[in-house]
Amino acid sequence: MTRAHLPGIIAMAAIVVASNILVQFLFGNWLTWGAFTYPLAFLVNDVMNRVYGPQAARRVVWVGFAVGVACSLIGTQIVGEYGPLVTLRIALGSGVAFLTAQLVDVAIFDRLREDKHGGPWWRAPLASTLVGSTLDTALFFSIAFSATLAFVEPGNDVSWAGEILPMLGFGPEMPLWVSLAVADWGVKLGLALLALVPFRVIVRKISQPVA
């Protein structure tokens, strides 16, 4: 770990903390404000990977994971109107989703960057972020709210998430948590495209490409 990595570490920690706070505030019927800050973690990850390599990116991911665990522990001690702000299933889903998705992002980015046939500059960050984002959403919402995994925390009643409703208010009937997941996934995909601009600018500013 070098001083050059500190901006990435601080940025990742700030994103994780901000997202854990903003997830408590609703944005419309299907999202929270945290949905708009959390995907920035993939941008930080990809910038670190592009400039400093996969080992530095993994270190930043582990720092983000540690900060996320700390936030979850704090959240379990804060009791809101409906109980603790963070339940075991939410903490487990958040941790597993973050760590798995971010590490997969690192691996895909690095693999595409090392492609001997070359390719456009945007391929590695876009592909790795799209795959990582999809994996993140699928893992978090299924672990946190799927009725199939109710045994993980039997005392936690998440039956509200299983209410059958039209998906996003107009699609086929699905459990509510599926609508929440699809909306979250859509935001991640949109931000993955928008993040290509700051990715290109930041990489150019702080270093020459490593490959």
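All values reported here derive from a predicted model rather than from experimental measurement.
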For residues 168-182, which side-chain N or O atoms pair as donor and acceptor with protein atoms under 3.5 Å away, sequence neighbours left out?
residue : atom : partner : partner atom : Å
S179    : OG   : L168    : N            : 2.8

Only pairs under 3.5 Å count here: list side-chain donor-acceptor contacts from residues 88-97, not counting sequence neighbours, and write none if there are none.
residue : atom : partner : partner atom : Å
R89     : NE   : I143    : O            : 2.9
R89     : NE   : A144    : O            : 3.3
R89     : NH2  : I143    : O            : 3.0
R89     : NH2  : S146    : O            : 2.6

Please output the side-chain donor-acceptor pairs of residues 61-79 that fall under 3.5 Å, not counting sequence neighbours, one pair per line with the distance.
residue : atom : partner : partner atom : Å
S72     : OG   : G68     : O            : 3.1
T76     : OG1  : L73     : O            : 2.6

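For W33, the side chain to side chain contact (heavy atoms under 4.5 Å, CB included) partners two or more places apart in sequence, or in a different chain, are L22, F25, F27, F36. With sequence neighbours left out, T134 forms a side-chain hydrogen bond (donor to acceptor under 3.5 Å, both in side chains) with W185. Looking at residues two or more places apart in sequence or on another chain, you find no side-chain hydrogen bond (donor to acceptor under 3.5 Å, both in side chains) involving N29. Partners of W160 according to the ring-ring contact (aromatic ring centres under 6.0 Å, His included) rule, which considers only residues two or more places apart in sequence or in another chain, are F145. The side chain to side chain contact (heavy atoms under 4.5 Å, CB included) test applied to A57 returns N45, M48, N49, V106, not counting sequence neighbours. Applying the side chain to side chain contact (heavy atoms under 4.5 Å, CB included) criterion to P39, with sequence neighbours excluded, gives K188, L191.
The ring pair (Phe, Tyr, Trp, His ring centres under 6.0 Å) pairs that include a residue from residues 84-106 number zero, where partners must be two or more places apart or lie in different chains. Applying the salt bridge (Lys or Arg N to Asp or Glu O under 4.0 Å) definition to pairs two or more places apart or across chains, none involves residues 141-170. The stretch residues 16-27 participates, sequence neighbours left out, in these side-chain hydrogen bond (donor to acceptor under 3.5 Å, both in side chains) pairs: S19-T37.
For the pair R200 and W121, the cation-pi test (distance below 6.0 Å, angle within 45°) is passed.
Y38 and D136 share a side-chain donor-acceptor pair at under 3.5 Å.
The shortest side-chain heavy-atom distance between T129 and D105 falls under the 4.5 Å cut-off.
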